[in-house]
Amino acid sequence: MKLLLPLILFSSLSMAQSWKKMNLVNGCHIMDINGENVKSFPGSFCQFLDDGSYLSADQDHLKYFSKKNELIWQKDGHYHHQLNLTHDQKRILVLTSAVVKNIRQDKFQVLDLAGNIIAEELADTYLKQIKEKKPFSELELTHFNSFYEIPTLNEGLKLPEYVKPGNFILNSYRLGYFIVSSDLKLVLHREKFNGSTDHQTHDAQILPDGKLIYFNNIHSESEKSNAFSSVDEIDLTQNKSTVLFMASPKQAFFSRHCGGVQYLDKDHVLFSHMLAGTYIYSLKDQKMVSNIYRTHLNGHKFYPAQQVKALNLKKFLSHWK
Amino acid sequence: MIRIALLLVLFSCSHLPSGARVKEIPVANEAEAKLVIQNQINFLKSLFQQTKDPYYNVEKWTKACLDANFIGPLDIKDKSISSYSMLYLKNGEPGHCPYAEGTKLEWLVYHYCQGDKVVKEIKLPQADSPDFQQKEFCL
C-alpha cells in the first residue's frame, strides 16, 4: 500500500496535466498548447490520422493525402464548418452542400477512408420529419454547423433512448440540435436550445458522461444591442442546463459567429472565439488559465476561426519529422 | 576503394553550406523521386492557395505574402531532378509571411541525383547562400 500511494498520486498528476502535451488545431494549422506553430497543411478543415495520413477540406474539395503527401483520393463539393472523424477514426463525418430548387441546403455524409459514401442525407428530409417549413434565410434552407458521433457512454447513465453510441448529433443554427440515426435517415429527436436567443449556437457534442456541451453565441439573457456569448452544458440525464463560462461583465465576451468548445479534463474547458483567440478555463477556480491569441494569427493578422480543438497528434506528427 | 568512396562523400557533402539542414527521403528509383518532388511542390502550392473566410470575405493571404513566397517548379536535367523554393519558414516549416514573428527567408530545396536512392530535402537560410541555386550537387 505504501508503494501504491505514490504511484497512484503520480498517475493522477500525470493524467491531470496530459492536455498540456496536446496540440491545438485551427483548421489545418497545428500548434502546440501555447499556440506556437508546429506545422501547417493546405485546406480550411483537416483531420489528422495516427498513420500520418490526413484529410483536407475546403469550399471546393475534400482530399485525402498519405503521409508522403500523395493524393489518395479527391471529391469535389462545397465543404463547410467542420470535418470530423468517428471515434474509431475509421469514418469521416462531412458537412457539405446541395442546391435543390435554386436554394442551398445542407447535406450530411458519412464516408469510409477509401472515400466511399456509407450514408448520406439532405437537410430537407429532416425538416419534413420535424414539420419545419421556415427556411433559414433567402439564400439557405438550413445552416447546420456541427456533426459528431455520439461516443461510448459511461455505464449506468439514465439517458433517453435516442442518446446511443453510433447515432449522430447535428447542430443547426436557429433549429437546435438533432439526434439522427446511424444511417442518417431518421431524426430521433430534435431539441431547441432554450438558453440561446434564436438558437444561435455552435459545436454541439454529447460526451461519454451524458452531457451535451455547446457554444452559445447569443445567450437568451442578451439584450438586442448588447449581446453576450457563453459556454453551456445540458445534463441529458436530468435535462438540466448549466453555464460553464460567462464573462464578467457578461458582454465582455461576445462571438457573433463560430465558436468551439471542448473539455480538456474534468476541470478545464477549452473554448474558442471567432476572432479573439482560444481560452482555457478552470471550472473549479473559475478563472482563465490560458489566453492563446496565436491560434488565430495568419501571418500578422487575425483571421476568423471556426473552432479550435485540442488533439493528441503525437502519432500523426511522428510521421512528419 | 573505400578511400575513394569516402572522398566522394566528403566532396559531395562539402557542396552544402554549413547551415544546411538535410533530410533524406528514400525512393526506389528516378520515377518515384520525380513523384516525391512533384508532391512536395503541389503541397506548397496548396498551402498558399487563396481563400476567403465565409463571414467577412477576407482573403487568407495578402498579395505581399504570396509574392514573398516563391515556389520553384520541377526542374528535370540530365543528371538531376530538383525544385528550388524560397519561402518564409518558421521553425523550419512553410506557410508563413515575411512580417510574422520568428520567420526567416530560406531555401527549401528538393533534389535528386540520377542513380541515388534518396531525394534530399534541404533547408538553408537565404542569407547564408544567396546563389544556392547555382550549385551543382550531382557528381
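Chain naming here is simple, since letters A, B, ... match the order of the sequence lines and numbering starts at 1 in each.
Note on Lys123(B) versus Glu121(B): salt bridge recorded, some NZ/NE/NH1/NH2 to OD/OE distance being below 4.0 Å. A salt bridge is defined here as a Lys NZ or Arg NE, NH1 or NH2 lying under 4.0 Å from an Asp or Glu carboxylate O, and Lys117(B) with Glu32(B) fails to meet this definition.
For chain A, the nearby part of Asn91(B) is the side chain; its heavy atoms alone come within less than 4.5 Å. Within the 4.5 angstrom heavy-atom criterion, only side-chain atoms of Tyr303(A), from C-beta onward, approach chain B. Of the two parts of Lys45(B), neither the backbone nor the side chain holds a non-hydrogen atom closer than 4.5 Å to a non-hydrogen atom of chain A. Residue Gln38(B) does not touch chain A at all, counting heavy-atom pairs closer than 4.5 Å. For Tyr88(B), no part lies near chain A; criterion is any non-hydrogen pair under 4.5 Å. Contact annotation for His61(A): neither backbone nor side-chain heavy atoms come within less than 4.5 Å of a heavy atom of chain B.
Nearest approach of Tyr112(B) to Val118(B), heavy atoms of both residues: CD1-O, 3.3 Å. The heavy-atom pair separating Gly43(A) from Ser56(A) by the smallest distance is CA-OG, 3.4 Å.
The distance from the OG1 atom of Thr96(A) to the CZ atom of Phe147(A) is 11.5 Å, given to the nearest 0.5 Å. Remark: Asp232(A) CG to Phe193(A) CZ distance equals 9.0 Å, nearest 0.5 Å.
At a heavy-atom cut-off of under 4.5 Å, chain B is reached by Lys321(A) from residues 308-321 of chain A, listed in order of number. For residues 70-79 of chain A, the interface with chain B (any heavy-atom pair closer than 4.5 Å) comprises Glu70(A), sorted by residue number.
Proximity of a side-chain donor or acceptor of Gln82(A) to a complementary backbone N or O of His80(A) within less than 3.5 Å is not detected. Counting only distance, with no hydrogens or angles, the side chain of Asp106(A) and the backbone of Phe144(A) share a donor-acceptor pair below 3.5 Å. Checked by atom type and distance alone, the side chain of Gln307(A) pairs as donor or acceptor with a backbone atom of His81(A) at under 3.5 Å. Between the side chain of Ser46(B) and the backbone N or O of Asn42(B), at least one donor-acceptor pair lies under 3.5 Å. When atom types are taken as modelled, the side chain of Thr142(A) and the backbone of Ala123(A) share no donor-acceptor pair closer than 3.5 angstrom.
Ranked by heavy-atom pairs under 4.5 Å with chain A, the list Lys60(B), Glu101(B), Gln40(B) is led by Lys60(B).
For the side chain to side chain contact (heavy atoms under 4.5 Å, CB included) with Phe45(A), the qualifying choice from Leu62(A), Leu83(A), Asn84(A) is Leu83(A), the only one to do so. Across Ile30(A), Asn23(A), Leu85(A), a single residue satisfies side chain to side chain contact (heavy atoms under 4.5 Å, CB included) together with Phe48(A), and that is Ile30(A).
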